[in-house]
Amino acid sequence: LPIYLCKIDGAWKIVAKVLSLLTEDMQIGLICFDRFGKCIQGNDAFRHMVANDGAWGSYEEYFTSWRAARPDGELREEFWREEHEIDGELRYYDAHFNLLQDDKGSYVGSFFSFTDRTESVAEYEEKRYEASHDELTDIYNRKRFFEAVEALLKEDADEKRVMVCIDVKDFSVVNNLFGEKTGNQILQRIAGLMRRDASEDTVYGRLESDHFAMCMREEKFVEENYTEYLEDLKRIVHSSVYRMHAHVGVYRIIDPSISI
């Protein structure tokens with residue numbers, strides 16, 4: 001957006017009016033100041049971004065505090081990122097500060113511009129989540145599970161931990177006899193049981209098919225709980241001719257440096 005400014009102080013009202021017409025329809029938040037730090041224009045997009053009622057004084061306070069935070073107080077073009085809570089929602093912005101100069105290179109004013117990047121952040125977080133979680137069970141996938149366990153053991157190598165592994169015997173038979181929907185219910189129930197048994201520093205995930213694993217503090221592992229969990233799983237399959245079996249294996253981690 002090219003902006004041409006006049007150094008004559010009396011012309012600022014005209015400039016402000018022109019800026020108003022130019023900026024109100026913009027999606028980019030824009031706030032402009034004259035060479036004395038007085039706010040001459042702020043558009044609706046900016047007012048919404050900072051949840052401000054549009055009082056020029058508060059804008060000028062923003063400019064003054066921002067300028068005071070510069071190490072040497074010198075104004076120069078800058079780029080940074082800000083976060084603001086708007087209506088209870090955290091929103092993310094790219095921010096720019098630009099100087100305005102006349103044709104002789106003299107400083108006549110400045111402006112801030114803010115671009116809302118909240119949707120881009122949300123899309124990135126969603127893709128990152130999908131890349132690290134199993135779609136069916138909504139817990140860590142194999143790759144992310146291994147990464148998280150290795151990081152956990154490296155960070156707290158002295159803590160005694162166990163690796164708990166769960167799988168369903170002949171799971172393909174269960175799928176063939178009772179259908180994919182029932183098979184999925186079993187997998188989701190296993191994930192739910194692991195989630196219920198997890199503490200803050202517990203890592204668990206679906207490795208593949210019906211194979212699950214959980215790394216937890218040894219003191220948190222209670223064998224009787226898993227006996228109950230297996231019985232709970234069996235209730236999903238209602239059959240007088242087939243009895244489903246699941247296996248639980250427990251490995252005490254002696255050497256945290258051994259590859260997962």
Side-chain angles (χ1 to χ4, degrees), residues 1-5 12 15-16 18-102 105-133 135 138-141 143-145 147-148 150-152 154-155 200-201 203:
L1 174 66
I3 300 177
Y4 301 94
L5 297 176
W12 279 114
V15 173
V18 173
L19 286 174
S20 176
L21 295 174
L22 289 173
T23 62
E24 283 308 322
D25 290 333
M26 294 176 63
Q27 297 301 312
I28 297 175
L30 191 68
I31 181 170
C32 306
F33 298 87
D34 65 17
R35 57 184 171 140
F36 303 109
K38 181 179 179 181
C39 182
I40 59 170
Q41 180 60 32
N43 66 357
D44 285 341
F46 177 80
R47 285 190 283 271
H48 176 72
M49 288 176 184
V50 298
N52 192 284
D53 61 3
W56 295 144
S58 57
Y59 291 162
E60 290 161 11
E61 289 173 6
Y62 177 89
F63 179 60
T64 301
S65 61
W66 181 87
R67 183 171 187 172
R70 310 278 67 75
D72 53 7
E74 183 180 348
L75 295 178
R76 60 177 64 89
E77 293 187 359
E78 290 188 36
F79 167 81
W80 69 98
R81 285 179 165 169
E82 288 191 3
E83 299 174 6
H84 293 278
E85 186 172 329
I86 308 297
D87 297 329
E89 177 187 5
L90 188 62
R91 303 196 68 84
Y92 303 85
Y93 302 99
D94 283 339
H96 291 83
F97 174 76
N98 294 273
L99 300 174
L100 296 172
Q101 297 175 323
D102 62 14
S106 299
Y107 171 68
V108 295
S110 58
F111 68 92
F112 293 88
S113 62
F114 296 85
T115 304
D116 192 333
R117 63 184 185 93
T118 305
E119 289 186 9
S120 297
V121 172
E123 290 174 3
Y124 169 77
E125 292 297 335
E126 182 178 358
K127 289 179 181 178
R128 188 175 72 165
Y129 185 88
E130 291 174 351
S132 61
H133 286 70
E135 183 178 2
D138 202 32
I139 63 176
Y140 280 164
N141 56 26
K143 181 176 182 295
R144 180 60 187 136
F145 173 78
E147 291 174 345
E150 288 178 1
L152 179 66
K154 184 177 180 180
E155 179 183 342
E200 271 187 29
D201 59 349
V203 179

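- Closest heavy-atom contact between Ser110 and Leu100: N-CD1, 3.8 Å.
- The backbone N or O of Tyr92 sits less than 3.5 Å from a side-chain atom of Thr118, completing a donor-acceptor pair.
- With respect to the salt-bridge test (charged N to carboxylate O, under 4.0 angstrom), the residues Glu147 and Lys143 qualify.
- The aromatic rings of Phe114 and Trp80 sit perpendicular to each other, their planes meeting at more than 60°, with 30° as the lower class boundary.
- Looking at Glu135 and Glu130, their side chains never come closer than 4.5 Å, going by heavy atoms from C-beta outward.
- Between Asn141 and Ala131, the shortest heavy-atom contact is ND2-O, 2.9 Å.
- Considering only residues two or more places apart in sequence or on other chains, Phe145 meets the ring-ring contact (aromatic ring centres under 6.0 Å, His included) condition with none of them.
- One N or O on the side chain of Asn43 and one on the backbone of Leu30 form a donor-acceptor pair closer than 3.5 Å.
- Ring geometry for Phe112 versus Phe97: interplanar angle of 30 to 60°, hence tilted.
- Under the 30°/60° scheme for interplanar angles, the aromatic rings of Phe79 and His96 are found to be tilted.
- Residues Ala148 and Tyr140 approach most closely at CB-CE1, 3.8 Å, considering heavy atoms.
- The backbone N or O of Tyr93 sits nowhere less than 3.5 Å from a side-chain atom of Glu82 that would complete a donor-acceptor pair.
- Considering every non-hydrogen atom in both Leu99 and Glu77, the closest pair reads N-CG, 4.0 Å.
- Summarising the local packing, CD of Glu119 is surrounded by 12 or fewer heavy atoms from other residues, nucleotides or ligands at distances under 6.0 Å.
- Closest non-hydrogen pair, Tyr107 versus Asp34, comes out as OH-O, 4.1 Å.
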